[in-house]
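Quick note: residue numbers are just sequence positions, from 1.
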Amino acid sequence: MRDTSSPSAEISVDAGTAYPRRSDLRYSFVAKIEVTGSSGKQIVAVTSNLSRYGCHVPTTTPFLPGTSVKLRIKRDRTTFESEGKVVYALSGSGMGIHFGNVPVGERVVLKEWLVQVSAAELEQRLRQSRAANPSTPQKIIVLSALIVVLVATLALSLLWFGLL
């Protein structure tokens with residue numbers, strides 16, 4: 001039986017290059033990250049995206065897939081720490097890290113960050129939508145006014161006939 005509460009990223013191979021299958025939504029997320037391998041080698045970089053289960057770390061010298069790591073992500077005054085495992089490495093491009101054994105307190109930090117970035121992404125999409133179709137807010141106002149008038153007319157009709 002497969003554990004679906006924390007899916008691990010799967011690897012698909014295409015023409016000799018490994019690419020991860022996405023197990024969850026990824027959000028653009030820029031924060032300082034320190035990744036330390038079991039050998040003690042450390043990579044300091046900046047994340048490019050984040051999900052509930054992992055992140056992508058752009059680096060020209062990624063750890064090999066399967067490498068167990070410890071990571072620390074810092075954004076503003078908040079820090080997230082976890083164990084992890086490198087699930088893919090693209091030479092000269094970066095690596096994907098799957099979070100593992102995330103302590104409860106660290107899950108709270110991760111969830112807060114994901115709420116922040118998902119809300120920011122939604123807000124940006126709404127702004128783009130309004131810019132592309134500026135009459136949309138006017139349509140909503142007109143539709144709302146029509147609904148109010150309709151409800152008021154119905155209420156007055158019911159009062160007139162003594163049904164309200």
Is there a path of hydrophobic side-chain contacts, each under 4.5 Å between heavy atoms of I, L, V, M, F, W or Y residues, that connects Val108 with Val102?
no

Give a yes or no on whether Leu25 and Val117 share a hydrophobic cluster (residues Ile, Leu, Val, Met, Phe, Trp, Tyr; joining criterion: side-chain heavy atoms under 4.5 Å apart).
yes

Okay, side chain of Thr47, backbone of Asn49: is any donor-acceptor separation there less than 3.5 Å?
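No, because the side chain of Thr47 does not come within donor-acceptor range (under 3.5 Å) of the backbone of Asn49.
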
Distance from [X] atom [atom1] to [Y] atom [atom2], nearest 0.5 Å?
{"X": "Arg52", "Y": "Leu110", "atom1": "CZ", "atom2": "CG", "result": "9.5 Å"}
{"X": "Tyr27", "Y": "Leu114", "atom1": "OH", "atom2": "CG", "result": "7.0 Å"}
{"X": "Phe99", "Y": "Leu50", "atom1": "CZ", "atom2": "CG", "result": "5.0 Å"}

Leu71 vs Ile97, test: side chain to side chain contact (heavy atoms under 4.5 Å, CB included). Steps then yes/no.
CA-CA 9 Å; Leu71 56 103; Ile97 298 176; 3.5 Å; yes

Hey, are the side chains of Phe29 and Ser48 touching, using non-hydrogen atoms and a 4.5 Å cut-off?
no

Kindly list each side-chain donor-acceptor pair under 3.5 angstrom involving residues 73-83, sequence neighbours excluded, with atom names and distances?
{"unit_1": "Glu81", "atom_1": "OE2", "unit_2": "Arg72", "atom_2": "NE", "d": "3.1"}
{"unit_1": "Ser82", "atom_1": "OG", "unit_2": "Gly100", "atom_2": "O", "d": "3.2"}
{"unit_1": "Glu83", "atom_1": "OE1", "unit_2": "Asn101", "atom_2": "ND2", "d": "2.8"}

Less than 3.5 Å apart, which donor and acceptor atoms pair up between the side chains of residues 54-70 and the rest of the protein, not counting sequence neighbours?
{"unit_1": "His56", "atom_1": "ND1", "unit_2": "Tyr88", "atom_2": "OH", "d": "2.8"}
{"unit_1": "His56", "atom_1": "ND1", "unit_2": "Met95", "atom_2": "O", "d": "3.3"}
{"unit_1": "Thr59", "atom_1": "OG1", "unit_2": "Thr61", "atom_2": "N", "d": "3.2"}
{"unit_1": "Thr67", "atom_1": "OG1", "unit_2": "Leu64", "atom_2": "O", "d": "2.7"}

By the rule that ILVMFWY residues connect when side-chain heavy atoms come within less than 4.5 angstrom, directly or transitively, which residues belong alongside Val44?
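Other cluster members: none.
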
Using a cut-off of 6.0 Å, state whether more than 12 heavy atoms not belonging to Lys111 lie near its atom NZ.
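12 or below, so no.
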
